[in-house]
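One structure is given here, and the rest of the page talks about it.
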Amino acid sequence: MNELGRFSLFRLGTNMQHAIPLVISTLLLMVVTGGLIVTDVPSAARTGVSSRIAATTVLEKSSRTALPDGITNSQNPADKTISPQESLKRITVPDGFKVTLFAGEPDVAQPIASTFDDRGRLWVAECFSHPRWRPTGKDRILIFEDTDQDGTFDTRKVFYDQCNYLTGLVWGHGGIWICNTPRLMFIPDKNRDDIPDGPPVPLLDGWVHNNPNNVLNNLNWGPDGWLWGSVGNSAISKVGKPGTPEEERQQISRGIWRYHPVDHKFEVVALGAVNPWGLDWDDYGQGFFSNCVLGHLWHLIPGAYYQRRNNERDYPYAYSRITWIADHLHWGGGHWTDSRGGHGDHSVAGGGHAHTGAMIYLADNWPEKYRGSYFVSNLHGNRINNDILRRKGSGYVASHGKDFLFGNHLWFRCLWQRYGPDGGVFIGDWHDFGECHDNDGSHRSSGRIYKVTYGTPKSIAAFDLNDLSSVELAELQLHENEWYVRHSRRLLHERSIAGEPMDQAHTKLRTIFRENSSVPRKLRALWSLMLTRGINEPEMQPLLDHESEHIRAWAVRLLVDRTSPNKETLAKFVAMSRDDDSQLVRLFLACALQRLPVEHRWPIVEGLIGHADDAEDQNLPHMIWYGMEPLVPLDRTRALKLIPKCKIPLVRKHIARRTVAVK
């Protein structure tokens with residue numbers, strides 16, 4: 001039995017042949033007496049006990065209608081697509097992989113985003129609102145479950161059907177968090193009965209919707225326990241809690257943001273790019289996001305100002321901006337519209353310039369060569385690209401791997417990719433004739449979800465991670481599939497917030513950190529300890545001397561993340577800025593500048609600008625400047641004295657330029 005099998009909620013006993021008839025008879029009695037509503041089974045060809053049980057365990061009957069009342073297709077009726085089954089036949093993947101149709105219309109339509117709950121069920125956002133925002137909508141949240149693990153769903157529920165411009169969702173902390181433009185909202189379901197405990201709760205508002213394609217999107221839990229998201233190119237959003245005065249709101253027009261689920265603090269993390277739509281983290285907690293236009297892959301650096309269109313300005317003293325990390329483009333030049341269809345030179349390059357979704361594969365079903373590589377959908381090329389990440393200086397560079405999946409149909413529009421508890425990957429196909437710049441209508445009744453597995457996936461007994469003890473959740477930080485790692489870490493965070501004792505879990509996490517030789521596993525333990533208040537600043541300080549640059553870098557980041565560091569930590573930062581030989585560590589020190597009071601930045605800046613080997617780094621000159629720029633107008637004389645000491649030409653130039661601009 002799988003290692004999680006002993007935690008199964010659906011325990012029929014050790015002798016299955018005796019237990020199954022009892023279960024079936026009980027369920028039939030409930031059906032007859034009105035205790036259960038029987039749903040449609042997706043495939044009429046299914047037979048066997050497992051399918052019959054699955055067909056009677058759902059609590060809400062599938063409507064078998066793709067569109068809610070009042071929602072219609074506006075696409076030209078002459079534009080016809082192929083069936084979900086035919087689409088499945090056309091998809092090609094590398095040898096050894098298998099693709100199944102997990103769901104298709106009429107059971108799902110316009111699947112714009114997805115998330116998993118702690119039972120491994122897939123929650124899907126259906127967005128019928130696009131491309132016209134209205135004050136109310138009928139966008140839906142669906143719950144799918146594959147009880148017999150054949151790659152096709154068995155049960156389907158509608159959790160909520162009154163969302164408006166729904167573009168993102170994630171499960172956690174007792175409910176579902178949604179991008180419901182112009183608001184970030186939370187729908188509570190604390191008892192996890194798949195029925196909302198009440199109406200959606202608005203948490204943030206002020207997100208603009210003037211550009212129908214570039215809105216609030218893409219929710220994920222980061223290693224730090226915060227809720228992370230993106231927003232695309234639009235007018236300036238002035239974001240805050242409902243009722244916050246305009247002058248107290250934070251501004252963002254495009255970039256990456258985060259929101260804390262406990263103290264409800266909102267932060268703009270990085271600004272720029274054009275339309276970020278996809279975000280994930282690697283084994284070392286480094287974030288990477290996709291961008292629909294310009295370059296397709298970017299390293300997420302807190303405090304960064306990224307390249308955007310030349311005629312746009314948001315921070316006049318940035319002077320220079322960080323750009324994407326890919327050493328290639330996925331289209332063959334010319335006007336971007338020429339890449340539609342991904343033909344000719346564009347196909348050789350990767351299919352086209354428009355990208356959505358982001359997945360760094362860290363699960364345990366696909367071959368090892370794919371672990372840690374980046375997958376992104378290519379809208380114009382109707383395929384999924386694969387990029388290979390490798391370190392370069394303080395950051396990363398991405399090289400073009402072989403394109404992974406081809407839809408081989410012009411309607412194939414993958415918007416997201418997510419690996420699940422068995423290591424298989426779910427792919428959401430928006431399935432429409434056009435893309436964001438086409439205005440000839442929307443085919444709202446179409447949509448498909450596929451599942452891609454390699455070989456024979458491991459069988460996983462029914463489970464619910466909520467049934468595990470906190471020690472068992474801590475042990476899951478060692479799992480090969482990051483799916484379990486992230487869910488268990490979030491659950492530990494939730495339990496710590498609720499005041500549950502964490503002593504035994506902390507002991508286990510400290511043992512993992514101390515005894516496991518894997519740096520990623522040490523980091524998992526460190527993040528979990530930090531989230532559950534299992535490590536304090538004095539205990540963190542020795543990690544600033546750890547042999548691993550990743551541990552040292554994350555120690556810097558965590559020490560400035562929620563509180564101001566003490567004088568001992570600040571003194572160590574100053575020493576590290578001069579003496580640490582890792583460009584990654586120096587990058588995290590440069591990021592930390594923006595979280596420190598300006599009076600504490602001077603000596604760290606002086607240490608960082610003394611490294612001549614950072615002059616050509618793709619990130620450090622920019623990040624050092626972003627952190628020190630506020631110092632120049634405060635003390636122009638002191639800033640000018642830094643120029644002879646500075647061994648980074650770009651920073652010297654920016655200091656001189658900024659001193660002239662001081663009024």
Side-chain angles (χ1 to χ4, degrees), residues 43 80-105 108 111 114 146 150-153 278 290 296-297 328-332 339-361 363 365-371 373-388 398-420 422-435 446-457:
S43 172
K80 297 184 182 298
T81 186
I82 57 178
S83 70
Q85 292 73 21
E86 181 61 31
S87 288
L88 176 65
K89 292 177 182 178
R90 295 197 184 190
I91 291 174
T92 55
V93 288
D95 290 343
F97 285 89
K98 175 185 177 182
V99 184
T100 57
L101 178 66
F102 181 78
E105 70 263 20
V108 67
S114 70
D146 176 10
D150 65 349
T152 300
F153 87 93
S290 63
H296 62 278
L297 176 51
H328 60 287
L329 295 173
H330 284 152
W331 58 300
S339 69
R340 285 174 172 164
H343 53 273
D345 291 342
H346 300 298
S347 183
V348 174
H353 94 304
H355 300 80
T356 56
M359 181 187 73
I360 297 176
Y361 188 77
N365 171 251
W366 288 11
E368 182 64 24
K369 72 174 185 177
Y370 292 107
R371 187 176 181 89
S373 65
Y374 181 90
F375 295 85
V376 63
S377 170
N378 192 300
L379 292 182
H380 291 158
N382 314 112
R383 68 188 70 180
I384 294 177
N385 301 130
N386 177 215
D387 278 10
I388 312 303
S399 299
H400 190 194
K402 292 183 179 179
D403 294 338
F404 177 75
L405 180 148
F406 293 83
N408 297 308
H409 188 248
L410 290 176
W411 287 55
F412 180 83
R413 307 283 181 193
C414 173
L415 295 187
W416 49 267
Q417 318 86 24
R418 289 188 183 273
Y419 52 84
D422 69 353
V425 173
F426 294 79
I427 293 171
D429 177 10
W430 177 261
H431 205 79
D432 204 342
F433 180 68
E435 35 80 8
S446 56
R448 291 93 197 262
I449 300 172
Y450 306 101
K451 185 179 182 183
V452 184
T453 55
Y454 184 82
T456 302

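One is the number of the first residue; the rest follow in order along the sequence.
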Side chain to side chain contact (heavy atoms under 4.5 Å, CB included), that's the test. Do I384 and I427 meet it? Break it down for me.
CA-CA 10 Å; I384 294 177; I427 293 171; 3.5 Å; yes
Decide whether T453 and N365 meet the rule of one side-chain donor and one side-chain acceptor closer than 3.5 Å.
no
Where do I82 and S87 land on the side chain to side chain contact (heavy atoms under 4.5 Å, CB included) test, with the steps shown first?
CA-CA 6 Å; I82 57 178; S87 288; 3.4 Å; yes
For Y450, which residues count as a ring-ring contact (aromatic ring centres under 6.0 Å, His included) partner, sequence neighbours excluded?
none
Taking the six-membered ring for Trp, are the ring centroids of F375 and W416 within less than 6.0 Å of each other?
no
Taking side chain as C-beta onward, heavy atoms only, is K451 less than 4.5 Å from L101?
no
Got more than 12 heavy atoms from elsewhere within 6.0 Å of CG, D345?
no
T81-H431 side chain donor-acceptor pair, cut-off 3.5 Å:
yes
Candidate pair N382 and F406, rule side chain to side chain contact (heavy atoms under 4.5 Å, CB included), full reasoning
CA-CA 6 Å; N382 314 112; F406 293 83; over 6 Å; no
Using ring centroids (six-membered ring only for Trp), state whether Y370 and Y454 fall under 6.0 Å.
no
Show your reasoning for whether side chain to side chain donor-acceptor pair (under 3.5 Å) applies to D150 and T100.
CA-CA 8 Å; D150 65 349; T100 57; over 6 Å; no
G423 and A363 have their tightest heavy-atom pair at CA-CB, 3.7 Å
Check whether the side chains of H380 and H346 place a donor and an acceptor atom closer than 3.5 Å, and report yes or no.
no
So, for S290 and G357, which heavy atoms are closest and what is the spacing to 0.1 Å?
OG-O, 3.1 Å
Residue list, ring-ring contact (aromatic ring centres under 6.0 Å, His included) with Y419, at least two apart or on another chain:
Y361
If you measure only the distance, is there a donor-acceptor pair under 3.5 Å linking the side chains of D387 and H296?
yes
Are F412 and W430 an aromatic pair, judged by ring center distance below 6.0 Å?
no
What closest approach, in Å, do G350 and N378 show between heavy atoms, and which atom pair accounts for it?
O-ND2, 3.0 Å
Can you see which heavy atom on T356 is nearest to which on V376, and at what distance?
O-CG2, 3.5 Å
Any donor-acceptor N or O pair under 3.5 Å, side chains S347, R383:
yes
